There are 2 protein chains.
Amino acid sequence: MRVTITDIAKRAKVSPSTVSRVIADNPRISAATKEKVLRIMKEMNYHPNIIARSLVNQTTKIIGVVMPGMAEQSLQHPFYPELLGGIASMANNQGYKILLANVSTVDEEREMVKELTFGGITEGIILLTSRDDNPTVDQLVKNGFPFVVIGRTENPYVNWVDNDNFLIGYQLATHFIEQGHQEIAFLGYSPGYMVTRDRLNGYKKALQEHNIPFDPALVIESKFISDNGYDLMKQILVKEKRPTGVIACDDLLAFGAIRAIHEAGLRVPEDIAVAGINNVPLADYYNPPLTSVKINAFSLGTKAFEMLRTIMGSEIQSYNRAIIPAELVVRSSTQR
Amino acid sequence: MRVTITDIAKRAKVSPSTVSRVIADNPRISAATKEKVLRIMKEMNYHPNIIARSLVNQTTKIIGVVMPGMAEQSLQHPFYPELLGGIASMANNQGYKILLANVSTVDEEREMVKELTFGGITEGIILLTSRDDNPTVDQLVKNGFPFVVIGRTENPYVNWVDNDNFLIGYQLATHFIEQGHQEIAFLGYSPGYMVTRDRLNGYKKALQEHNIPFDPALVIESKFISDNGYDLMKQILVKEKRPTGVIACDDLLAFGAIRAIHEAGLRVPEDIAVAGINNVPLADYYNPPLTSVKINAFSLGTKAFEMLRTIMGSEIQSYNRAIIPAELVVRSSTQR
DNA sequence: TATAAGCGGACAAACGTTTGCATTGAGGGT
DNA sequence: ACCCTCAATGCAAACGTTTGTCCGCTTATA
């Protein structure tokens with residue numbers, strides 16, 4: 001049997017309310033009794049029951065983090081844990097805990113979000129998603145629960161945090177063009193994901209600014225992160241018009257692509273230059289070291305939490321967006 | 001204002017207890033009222049308050065997962081998220097949620113665990129640790145809270161799940177020896193971590209069985225995962241007696257080592273064979289593809305949860321251990 | 001017909017807190 | 001000596017559930 005506030009009260013010969021006020025450090029309690037109660041609390045190894053406390057003051061100090069398909073390969077990507085780390089570190093600082101919900105299907109996601117919003121256990125939600133047709137988001141908007149999405153969302157009523165993926169695509173393409181490339185493949189476009197769409201658009205913009213015609217044949221679609229770049233790159237290498245540069249939507253894709261290029265007897269960057277996105281730890285150690293874009297996932301996480309706190313704490317409705325700067329990291333894989 | 005069970009009761013002209021029993025699908029409620037109440041619940045968009053429920057029946061369906069230094073680089077390692085995914089998927093199936101606690105310091109860990117155990121919010125804890133002098137573990141043992149550690153622990157009163165790291169070291173070394181190697185370096189030994197100690201011992205055993213003298217100079221210490229293998233490998237390459245094989249305690253270390261070897265103008269595996277541990281996704285795509293050991297982190301997670309459930313559900317005290325088999329994956333980096 | 005049995009539902013206590021308000025007692029001003 | 005004030009503490013309601021017990025009604029049994 002756990003020791004409760006009344007046990008303390010009895011032992012200290014005061015009322016439970018007094019004990020409660022001691023815990024809250026209420027100034028109306030005299031120093032003498034405060035000290036006595038505290039001593040007894042130590043003696044009996046008392047710890048307040050968070051559930052009971054939550055019930056009365058309707059606040060749990062818990063936020064929910066909903067991630068898609070943790071069971072799948074996607075979570076093996078270093079991006080997720082770094083993001084999670086950002087959220088967690090900020091949350092910790094402010095005395096919040098994180099309820100982690102991993103969902104595999106859309107239905108599961110909807111059900112989980114429903115439970116988290118109405119169950120009274122979380123005060124706010126951070127949702128990881130980059131698919132743009134997300135019914136969960138609409139649902140959250142509808143019932144006015146505080147939430148922040150990581151990943152740009154077109155629904156105007158949502159608060160989100162993201163990198164500027166358009167700019168990322170633009171900067172990468174510009175970098176290639178400045179290095180003298182004209183035929184630049186775009187690897188890993190995935191129509192359902194806004195991330196890749198934005199990046200592709202940025203890429204197009206850069207081409208346009210330099211009067212390079214856009215060639216749809218150079219865009220290779222894939223199921224976002226999961227597909228491996230090796231196979232995708234092979235698709236490119238068999239084409240008659242071989243590109244001299246490859247922008248991959250993810251470093252892992254880029255690694256696969258480089259391997260395919262090597263196998264074809266070509267060199268990186270001399271024959272084909274390759275860049276990835278996300279700047280995974282290995283990018284720097286790969287052979288050749290891979291040009292990439294540092295996404296600052298950790299900051300993405302801290303910012304998301306900060307935004308969520310703002311929303312939860314404020315009476316006035318508002319819709320916020322935050323852009324976390326990404327930075328191009330040029331390495332040998334794109335430098336002659 | 002959230003809609004409560006009494007709101008439903010009023011509207012349905014029944015008592016709150018009846019509504020509660022409808023939710024619990026209690027057979028004492030007639031089909032007619034059950035149907036009526038359910039309809040009204042839908043209409044009013046009712047969802048039970050989990051906090052209140054938890055308070056009365058002393059069960060939250062939440063388990064805590066305590067990870068060290070999420071804020072640090074360690075969590076970027078694919079191992080953690082895969083493990084987390086295993087825990088989460090199993091937890092989800094059984095209607096449990098996960099409270100994620102990331103702690104940066106030992107003090108923080110102790111404080112967090114105290115809160116989780118006494119706060120009444122979690123029913124059990126999974127602790128990730130591989131340091132063997134862990135005061136948190138002793139604390140948990142002392143107050144009899146159900147918990148499982150991921151990582152072998154010497155304290156006899158703890159339940160744990162782990163790979164057989166001794167066997168992993170043994171198998172890797174044997175593999176090298178069978179390939180004709182005699183001078184095999186061991187990269188990434190970290191005295192504070194049982195996992196690397198076990199692996200080193202397995203390695204020694206294999207040497208001994210083949211009458212190869214153990215040479216301490218071939219063991220390169222490092223701060224577990226964080227150090228990069230590139231620098232460590234350089235330390236080896238300057239030595240007069242160059243090994244022909246390298247066992248790295250982690251794939252990331254191995255990648256760095258390979259890079260250093262290449263830079264020194266040597267080839268893998270012809271001049272020096274290299275193997276890692278953990279079998280990260282990239283191991284298969286690296287150049288050359290890296291021999292590694294599949295750790296099955298996902299199973300580690302599911303098993304840990306399963307064990308925790310067993311402990312929580314059982315009255316009788318018992319101390320359980322589980323070994324998740326690891327499997328050697330031989331690739332070109334160690335094959336002539 | 002009287003009564004036991006059984007069904008469906010209501011009542012109220014309990015879970016461990018917090019908090020507005022009431023109560024008590026001491027001290028000070030008149 | 002009286003009242004007022006104020007400080008320190010106690011009382012009890014409330015948060016939203018669950019659940020043991022009791023009650024009234026119907027139906028079957030003797």
Side-chain angles (χ1 to χ4, degrees), chain A residues 1-41 44-62 95 115-123, chain B residues 1-41 44-62 95 115-123:
Chain A
M1 184 60 83
R2 195 172 269 134
V3 36
T4 77
I5 216 171
T6 33
D7 297 330
I8 304 292
K10 270 182 207 141
R11 185 81 163 274
K13 300 203 190 309
V14 295
S15 80
S17 45
T18 300
V19 178
S20 173
R21 287 188 239 265
V22 168
I23 295 169
D25 202 27
N26 189 312
R28 299 180 48 177
I29 304 296
S30 74
T33 51
K34 186 174 289 187
E35 194 260 351
K36 178 175 64 179
V37 170
L38 283 175
R39 184 172 46 75
I40 296 189
M41 276 172 38
M44 302 184 68
N45 194 27
Y46 169 79
H47 289 266
N49 183 314
I50 303 191
I51 301 285
R53 175 179 294 174
S54 297
L55 184 59
V56 39
N57 53 227
Q58 308 281 35
T59 160
T60 59
K61 291 289 209 171
I62 294 179
E115 224 176 307
L116 291 183
T117 51
F118 293 113
I121 207 163
T122 60
E123 299 179 24
Chain B
M1 184 58 86
R2 195 173 270 134
V3 35
T4 76
I5 216 171
T6 33
D7 297 329
I8 304 292
K10 268 184 209 140
R11 186 80 163 275
K13 299 202 189 311
V14 296
S15 82
S17 47
T18 300
V19 177
S20 174
R21 286 189 235 266
V22 168
I23 295 170
D25 202 26
N26 189 310
R28 295 182 48 177
I29 305 296
S30 71
T33 52
K34 186 174 289 185
E35 194 261 351
K36 177 173 66 178
V37 170
L38 283 175
R39 183 171 48 74
I40 296 190
M41 277 172 37
M44 301 185 68
N45 194 27
Y46 168 79
H47 289 266
N49 183 314
I50 302 191
I51 301 287
R53 174 178 294 174
S54 297
L55 185 59
V56 40
N57 53 226
Q58 307 281 34
T59 161
T60 60
K61 291 290 210 171
I62 294 179
E115 225 177 305
L116 291 184
T117 51
F118 293 112
I121 208 165
T122 60
E123 299 178 24

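In what follows, chains are A, B, ... by sequence order, proteins preceding strands, each numbered from 1. In this text, all values refer to a predicted model and were calculated from it rather than measured experimentally.
As a whole-Å value, the separation of A:I5 CD1 from C:dT19 P is 11 Å. Atom CG of A:L55 is separated from atom P of D:dA13 by 17 Å (rounded to the nearest Å). Put simply, CD1 on B:I51 is 16 Å from C1' on D:dA14, counting in whole angstrom units. For B:E35 and C:dG8, the CD to C1' distance is 17 Å, given to the nearest whole Å. As rounded to whole Å, 18 Å separates atom P of C:dT24 from atom CD1 of A:I29.
Residue A:Q58 places at least one side-chain N or O under 4.0 Å from the OP1 or OP2 atom of D:dG16. The phosphate of D:dG10 has OP1 or OP2 within less than 4.0 Å of a side-chain N or O from A:S15. Taking side-chain N and O atoms only, A:Y46 has no distance below 4.0 Å to OP1 or OP2 of C:dG16. Contact annotation: A:T33 side-chain N/O to D:dT9 OP1/OP2 distance is under 4.0 Å.
With sequence neighbours left out, B:T60 forms a side-chain hydrogen bond (donor to acceptor under 3.5 Å, both in side chains) with no residue at all. When the ring-ring contact (aromatic ring centres under 6.0 Å, His included) test is applied to A:Y46, no partner is found at least two apart in sequence or on another chain. With sequence neighbours excluded, no residue satisfies side-chain hydrogen bond (donor to acceptor under 3.5 Å, both in side chains) with A:T117. Contacts of B:T6 classified as side-chain hydrogen bond (donor to acceptor under 3.5 Å, both in side chains), with partners at least two apart in sequence or in another chain: B:T4.
Listed candidates were D:dT9, D:dG10, C:dG16. Nearest to the side chain of A:V56 is C:dG16. If you check C:dT18, C:dG8, C:dT17 against the side chain of A:N57, the one that comes closest is C:dT18. Nearest to the side chain of A:T18, among D:dT19, C:dA10, D:dT9, sits D:dT9.
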At a cut-off of 3.5 Å, list every protein nitrogen or oxygen paired with a nitrogen or oxygen from nucleotides 20-27 of chain D, distance to 0.1 Å.
unit_1: D:dG20; atom_1: O6; unit_2: B:R21; atom_2: NH2; d: 2.4

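Comparing B:P16 and A:K34 by the nucleotide of DNA chain D that holds the closest heavy atom to each, the one mapping nearer the 5' end is A:K34.
Two residues are said to be in side-chain contact when any heavy atoms from C-beta on lie closer than 4.5 Å; B:R53 and B:I23 meet this criterion.
Residue pairs meeting the salt bridge (Lys or Arg N to Asp or Glu O under 4.0 Å) criterion with at least one member in residues 18-27 of chain B, sequence neighbours excluded, are B:D25-B:K34.
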